Amino acid sequence: MAFRNDFLWGGATAANQCEGAYTEDGRGLSNVDLIPHGKDRFPVFVAGEGSLETDQDHYYPSHQAVDFYHHFKEDIALFHQMGFKTFRLSISWSRIFPLGDEELPNEEGLLFYEEIFKECQKYGIEPLVTITHFDCPMGLVKRYGGWENRKLICFYKNLVRTLFTRYKGLVKYWLTFNEINMILHAPFLAGGVVLQGTDNTEAVRYTAAHHQLVASAWATKIAHEIDPEMKVGCMLAAGNAYANTCNPKDVWLALEKDRSEYFFTDIQVRGYYPSYARKELNRKGITVPFKEDDEEVLRENTADFISLSYYSSRLVSTDPEVNNATDANVFATLKNPYLDVSEWGWQIDPLGLRITLNALYDRYQKPLFIVENGLGAKDELVDGKVEDDYRISYLREHIKAMRDAVELDGVDLLGYTTWGCIDLVSATTGEMSKRYGFIYVDRDDEGNGSYKRYKKKSFDWYKIVIETNGEILD
Ligand code: BG6
């Protein structure tokens with residue numbers, strides 16, 4: 001058998017993309033609540049441009065999302081029907097600390113997640129909890145400037161201590177920051193950092209990254225102190241870079257590209273800033289704001305496992321003539337002529353998943369966990385049914401590749417959670433029409449719809465995959 005007996009099959013979500021109920025039960029505003037759908041989305045998403053207030057002219061998809069807040073029992077029951085062993089969700093920080101810097105938490109927020117975890121427990125589903133998934137209370141953005149400010153480490157420590165204490169015995173697996181490398185690409189989304197009026201934006205990005213890295217190590221330490229059974233993972237938006245040609249310059253560029261993302265896991269898994277990064281930051285004149293016991297905390301609290309999202313490989317070239325860029329999340333890449341693309345231009349590369357898993361395992365020799373993978377596609381609901389064979393085919397090929405990585409290459413893989421197991425709002429575009437789920441939610445891009453849930457064809461398919469521990473994929 002390829003996969004371990006306790007392989008954690010399941011699905012993944014994020015609070016801001018599914019919960020809705022954005023002002024209910026004491027929840028405070030969060031950075032994602034100010035990111036509108038439509039043409040004005042990207043400047044806010046990346047850099048926090050604009051007034052940072054909501055207005056009547058825009059639609060903000062996180063406000064209602066797919067109303068998981070009021071549907072979680074129904075949704076978790078559906079996950080159970082598919083046989084989920086795990087369910088990945090994230091905490092909305094501003095439900096627990098509405099402004100972010102309070103000393104005492106909001107009990108209603110804590111209760112909400114407690115009920116979810118108990119619901120999971122009822123079905124034997126292991127929660128996998130991301131502490132922050134593109135989520136920073138606006139109180140921390142406005143008063144402190146988000147993760148650029150070192151004080152965020154203290155507020156985060158207060159958050160994690162609260163969560164670990166309260167959910168001890170209910171939650172074993174934690175992830176500290178979703179796609180921590182996103183802080184370099186979209187600092188407002190990933191860290192509430194506003195770039196407007198900043199001269200050296202690269203220095204700001206690395207400062208925020210350092211604070212998150214230190215906070216992540218503190219979270220690992222605090223978790224282990226509160227409950228040695230807890231496993232705390234790092235999380236990387238992964239996908240290896242390919243060189244466009246065998247020109248050594250292209251090969252070198254691909255190596256540099258990979259290093260720029262591994263920078264994060266190198267620190268989180270090995271416990272120190274890698275030599276290539278120290279040199280590079282030095283050359284750029286960027287001083288990383290090391291303070292007090294940062295070095296020791298990083299060194300002594302490395303990640304228990306490495307989790308990753310994988311949507312595609314990346315392609316790079318040094319040739320200025322080769323500039324046919326395609327979309328790939330917010331990670332720029334050239335168009336690879338050997339690969340098909342999704343309706344949103346994301347390249348589809350199952351073998352790239354095997355390559356990525358091997359590269360990570362070769363580098364760190366630590367257990368891996370794929371916590372996001374999937375196809376965003378337009379689904380058609382006809383007579384209550386969605387025939388999403390394209391999704392089945394995408395997932396089948398990726399599961400085969402991961403099976404090869406385990407069975408043929410010996411990669412130690414803990415589990416696999418597909419992205420958006422229930423339809424939710426797209427992070428990059430804010431659309432509902434970019435659907436990933438096994439469960440269709442009646443909701444459109446403008447916020448119309450009944451929120452009614454429908455099982456897609458892939459629902460029954462995934463159930464069999466889980467039942468047979470990945471043996472039957474047809
Ligand atoms: C990952 C994020 O980058 O990609 C998710 O962690 C996101 O939050 C997913 O939803 C897919 O991206 P998109 O833009 O299709 O929703």
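In each ligand, atom 1 is the first atom listed, and ligand 1 is the first ligand listed. Numbering starts at 1 and runs along the sequence shown. Everything quoted here is computed from the prediction, not taken from an experiment.
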| Do the side chains of T54 and H63 get nearer than 4.5 Å, heavy atoms only? | yes

| Going by heavy atoms in the side chains, are S458 and I392 under 4.5 Å from each other? | yes

List ligand 1 atoms under 4.0 Å from [X], heavy atoms only on the residue side.
X	value
S426	13 (P), 14 (O), 15 (O), 16 (O)
Y311	1 (C), 4 (O), 9 (C), 11 (C)
N178	6 (O)
Y436	11 (C), 12 (O), 13 (P), 15 (O)
K434	13 (P), 14 (O), 15 (O)
E179	1 (C), 2 (C), 3 (O), 6 (O)

| request: Quick one: look at W419 and ligand 1, take heavy-atom pairs under 4.0 Å, and tell me if it's side chain, backbone, both or neither. | output: side chain

| said: Using side-chain contact (heavy atoms from CB on, under 4.5 Å), reason through K231 and W174 one step at a time and then give a plain yes or no. | reply: CA-CA 6 Å; K231 301 276 179 221; W174 298 89; over 6 Å; no

| task | Evaluate the criterion ring pair (Phe, Tyr, Trp, His ring centres under 6.0 Å) for residue pair F45 and F42; output intermediate values, then yes/no. | result | CA-CA 5 Å; F45 178 97; F42 235 59; 4.9 Å; yes

| query | To which of E372, R435, M235 does the heavy atom nearest atom 2 (C) of ligand 1 belong? | reply | E372

